[in-house]
Amino acid sequence: MFHQGIQGIPYYLGLRSLSEIATREDRVCVLNIAGGESRQVTPTSHVFSGGNVVFGTSPGRAGQVLKTSEGDIPIFNNVREGLEAGHAFNTGVVYLPPSGVRDGVAELIRVNPELRKIVIITEKIAVHDAREIRAMAQANGVDIIGGNCLGVADSWNRVRIGGALGGDHPAESLIKGSVAIFSNSGGFTTTIAQYLGTEGWGTTTLISSGKDVYIHYAAPDFARAFAADDRSKAAVLYAEPGGYYERGIEWTKPVVACVVGRWKSKLTRAVGHAGAMAGSGDKAEDKEDWFMEAFGVDAIFTPENPVVSKKGAVVTNIADIPAALTAVMKLNGSEPDFAPRGDLELKPWIANDQGLRLPPEIALDVVTAPEPYAGQIGRLGQQVGAVVARQTMKDKSGASVMDPKTQVTSVHGHEVLDLALRPLEACFALPLVHEIADENDRALLDVAVAAEVNLVGDPILVATDAAREAGNAPNAIMAVAAAITGPKRVERALACSAALIDAFAHSGLRDGRDEAFDTSAVVMDDATRALFRATPEEADDPRPEAMLRAIEARGGKSAFLKYLGGFGERLSRDAILAAIATTIAWGPLMRKRITRLTAETLPWYLRLYGVMVGATIPGEHHQPGSLRGIPRDERFGQWTMADLCFLAMTGKKPTEEEALPLRILVGLLISNGPGSISAQGAKGAVAADGPQTPGRVQINKAMIGFLSHCGYSHGGNGYEGMAFLLDQFKDKGLTDPSDPGHGIDLKAMARDFAKAYRREKKASKEVGAELRALPGVHHPIFKGKPVNHDPRERFVAEYMAEAGRYNVFHAFYRELVQALYEEGASPYVFCVNVDAVIAALLLALLWPDYQAGRLSERELETAAFTVFLYGRMIGSAAEIDDHLNRGRNMDTRTPASQCAHGV
């Protein structure tokens, strides 16, 4: 059957009526049936249609089958093999890549004289190929639908061919009725059918035309088949910009046209559907005019301005389609096909207002979802914490990210520049709860870590002292402590955490600090309660009571500690640690910011924090009831994490002035992102244990992985900057690095050094020797401008200026980079990098002790290394937890194809 096309050119159109588009008699062959999309979609289509797919092709997979509940679909290498096996078909479905579609269509047509229809799912087919496909089909009497479509379906015949119209449960969307649908968008084809049902309209035939540049079965073809279909009383068209397919059509029945994409006329390249970019005269506005002229209306239909005629209406929002259709059909004396099924008002099935007080108009009530969704949501409601999909995490992180422009890292959304100004406890908590801890939780964390730092009587102390005596670097000493803090050492604490989560998970407790919460409904059996009870062997351990006194003295609140206190029994240190950890984790856990696994393992990280800090203090300073002479109750009840870290490095409690630089240093050092050597070591250790079986992962071993990947270049190199500064200031009589009136001519110092460095640079060039690098000066990223800045250095400089603080070492670095340029030693003004800031702050912090002889240069080097480890310990905890939750077994390996032999 031939029809007159554009400019009067006749073309073949075999489909006379919409009732012939998808029938129960159609038999289907699917090309690339084993491909990713087809493998998901074809079984559903096959079952819904009563088993209409006779076979599929996938080169190299002959003899395999695609399993469905309607029986297995055989797979052949090519179409001819399937025909020779006795399988007949009249319809082909093409899932091939764009470059293979033309040859696939040619094969279907060449070997099967019975072929009548082809549905092309593939998108972005070359226009040249599309023209050849059209020519082959026309010459052989074959109708083609697509490309870039989701196939066709018929609600009367209960048939779906190609694509995913109706989704995974087509019977729910493809409801028998009187409305045909023709849509450029495959997804919206289903959505429109669902929307129509809310007004009581069902469907007849649904065609996803696709929106490649070349549409084979277009609106004029649909209009003819629609006119010949007695089942279809009306039609809905969804049209996007691009092409003239909808222009000048004579519609014989009512139509509602939805035209979208006005914004696409502003684009210079195609997005979304390959052909959905307006050209001259075929923009969305133009198509609106074509339809309005065809329907005899002068405006777009909206609920506020319901302009319709007996011929139809034009809308620009798919949500307006049902109301527009009902209004049009009312003028035609037609009622909906069945009673309305719901409405399009927003009806949330799940809600999370994050504790915000929302205005009434947007604080919508949650409604019960229809089945099977209600059951699924109910099961989700019983889920405690977040669930993270596992993926290959090589060179990836869900915890940290580095801004490629500024080279500033963020951990769980917080820039290290921001963390540098936060209390140290907030930084230690962030990697594991993904939020900045408040004052209450910081106090609890201080107590939890303080209870682990004094290692008197612990084998760890003997081992770390032996490691120290053997000349090991600070990271190796900390690794010894981490190695001994193994699974057996935290087994009961983790079991206590799990028991508390089990007991309170569905109690209604939202805030772990809420001591007024009614716990009468929270019950534990005797065996579980015994987990929290101190054993006779722990009778001499004074720390549990000291921890409870300290929490009370700090005003700390914990619903879990109050609940355990109601047992009337002496609690173990593990029980108190677990209660503290659960309090800190509870809010993020209930808000599904973290997983249950993270919450349950938090005590292990807290114990490791304390043990690893304690390991940096020589054994002679660990005494019963005191650490470096500081009594237990004072440390537990008053000291902060910053105080403990400063004590470990210097042997004394810092003043507020001294604590601030340490806090800034640790904050800046927390993370360089997942690509840093230390992070790779931590992640690799998790991957080696097998995160897909989390119980096997030893978190302390992952900490050792981070520690073993630190060294004098990555970790201890802060000392290089300190050594450089010591060399420059050793004979200058400096007494107070924070005093701007130090009396030293920094410009002259910088100028003299720059001149000497220029001469050194010239001499090195003449003999072909490598020029020494200046620590703290220059950066591979921040270079090439007349004046260069490291944003991290600028951040610290601006903060110190605003706070009225001064650092002579930092000031010297600023003079030095200017002098290097002015004396011709550098082509532009180098940046002062963040390493210089670290060296300057740390040296100023330790300068009085160094001048007084209390710290040697070797001890300065150890301090520089140790402060790096304190910061990176936090960042590594974030990477360990992230990889434990979302990583795959051994996923940090480098494929053999990417490995090379060094020569």
Side-chain angles (χ1 to χ4, degrees), residues 14-15 20-122 125 133 136-137 140-147 149-154 157-166 168 170 186 208 210 216-217:
L15 295 167
E20 300 174 1
I21 296 288
T23 74
R24 279 271 161 167
E25 289 70 39
D26 289 327
R27 289 295 172 264
V28 180
C29 166
V30 180
L31 304 191
N32 195 23
I33 193 171
E37 185 177 354
S38 172
R39 183 174 288 276
Q40 298 295 320
V41 171
T42 299
T44 302
S45 299
H46 184 67
V47 172
F48 176 71
S49 308
N52 64 344
V53 181
V54 293
F55 73 93
T57 68
S58 185
R61 295 177 182 264
Q64 298 182 17
V65 297
L66 183 61
K67 292 185 175 298
T68 82
S69 59
E70 281 285 320
D72 296 345
I73 302 173
I75 300 177
F76 297 91
N77 286 319
N78 54 56
V79 178
R80 187 180 296 280
E81 286 183 7
L83 291 172
E84 290 174 348
H87 301 291
F89 68 93
N90 69 323
T91 303
V93 174
V94 179
Y95 277 102
L96 294 165
S99 60
V101 172
R102 181 188 59 182
D103 290 341
V105 169
E107 180 188 15
L108 284 167
I109 293 174
R110 184 178 66 252
V111 303
N112 184 14
E114 303 303 317
L115 185 70
R116 291 294 173 263
K117 293 179 284 192
I118 297 177
V119 178
I120 301 177
I121 310 301
T122 309
I125 301 168
I133 290 168
M136 287 187 287
N140 290 276
V142 175
D143 288 305
I144 292 185
I145 297 171
C149 80
L150 278 191
V152 295
D154 194 292
N157 298 330
R158 287 183 59 84
V159 170
R160 186 172 87 175
I161 300 175
L165 296 185
D168 293 337
S208 165
H216 290 276
Y217 193 86

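Note that the structure is a prediction, hence the values are computed from the model and not measured. Numbers here are sequence positions counted from 1.
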Give me each pair satisfying salt bridge (charged side-chain N to carboxylate O under 4.0 Å, His left out) with a member in residues 76-87, each pair once, sequence neighbours excluded.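 Residue pairs passing salt bridge (charged side-chain N to carboxylate O under 4.0 Å, His left out), neighbours aside: none found.
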Going by the salt bridge (charged side-chain N to carboxylate O under 4.0 Å, His left out) test, which pairs reach into residues 22-42, not counting sequence neighbours?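 Residue pairs passing salt bridge (charged side-chain N to carboxylate O under 4.0 Å, His left out), neighbours aside: D26-K117.
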List the atom pairs, with distances to 0.1 Å, where a side-chain N or O of residues 101-112 and a protein N or O form a donor-acceptor pair under 3.5 Å, not counting sequence neighbours.
| residue | atom | partner | partner atom | Å |
| --- | --- | --- | --- | --- |
| R102 | NH1 | E132 | OE1 | 3.3 |
| E107 | OE2 | V79 | N | 2.9 |
| N112 | OD1 | E114 | N | 3.1 |
| N112 | ND2 | F89 | O | 2.9 |

Where do [X] and [Y] come nearest, in terms of heavy atoms and distance?
X    : Y    : answer
G82  : F76  : CA-CD1, 3.7 Å
S208 : C149 : O-CB, 2.9 Å
A22  : V159 : CB-CG1, 3.8 Å
I75  : A34  : CD1-CB, 4.5 Å

Donor-acceptor pair, side chain of D154 and main chain of I21, under 3.5 angstrom: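 No, D154 side chain to I21 backbone: no donor-acceptor pair under 3.5 Å.
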Side-chain (Y95) to main-chain (G163) donor-acceptor, under 3.5 angstrom: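 Answer holds: yes.
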Throw together a table of side-chain donor-acceptor distances under 3.5 angstrom for residues 62-74, partners on residues two or more places apart or in other chains.
| residue | atom | partner | partner atom | Å |
| --- | --- | --- | --- | --- |
| T68 | OG1 | E70 | N | 3.1 |
| T68 | OG1 | G71 | N | 3.3 |
| T68 | OG1 | G71 | O | 2.6 |

Does T122 have any side-chain hydrogen bond (donor to acceptor under 3.5 Å, both in side chains) partners at least two apart in sequence or in another chain, and if so, which?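 Applying side-chain hydrogen bond (donor to acceptor under 3.5 Å, both in side chains) to T122 gives none.
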State, with a plain yes or no, whether a side-chain heavy atom of Y217 is found less than 4.5 Å away from one of L15.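 When only atoms from C-beta onward are counted, L15 and Y217 do touch, with a gap below 4.5 Å.
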About how many Å separate [atom2] of [Y] and [atom1] of [X], when rounded to the nearest 0.5 Å?
X    : Y    : atom1 : atom2 : answer
H46  : I33  : NE2   : CD1   : 8.5 Å
T57  : N78  : OG1   : CG    : 7.5 Å
L165 : T44  : CG    : OG1   : 12.0 Å
L115 : C29  : CG    : SG    : 9.0 Å
N32  : S58  : CG    : OG    : 5.5 Å
I133 : I118 : CD1   : CD1   : 8.0 Å

Please tabulate, for the side chains in residues 48-55, all donor-acceptor contacts under 3.5 angstrom to protein atoms that are two or more places apart in sequence or on a different chain.
| residue | atom | partner | partner atom | Å |
| --- | --- | --- | --- | --- |
| S49 | OG | S45 | O | 2.8 |
| S49 | OG | R160 | N | 2.8 |
| S49 | OG | R160 | O | 3.2 |

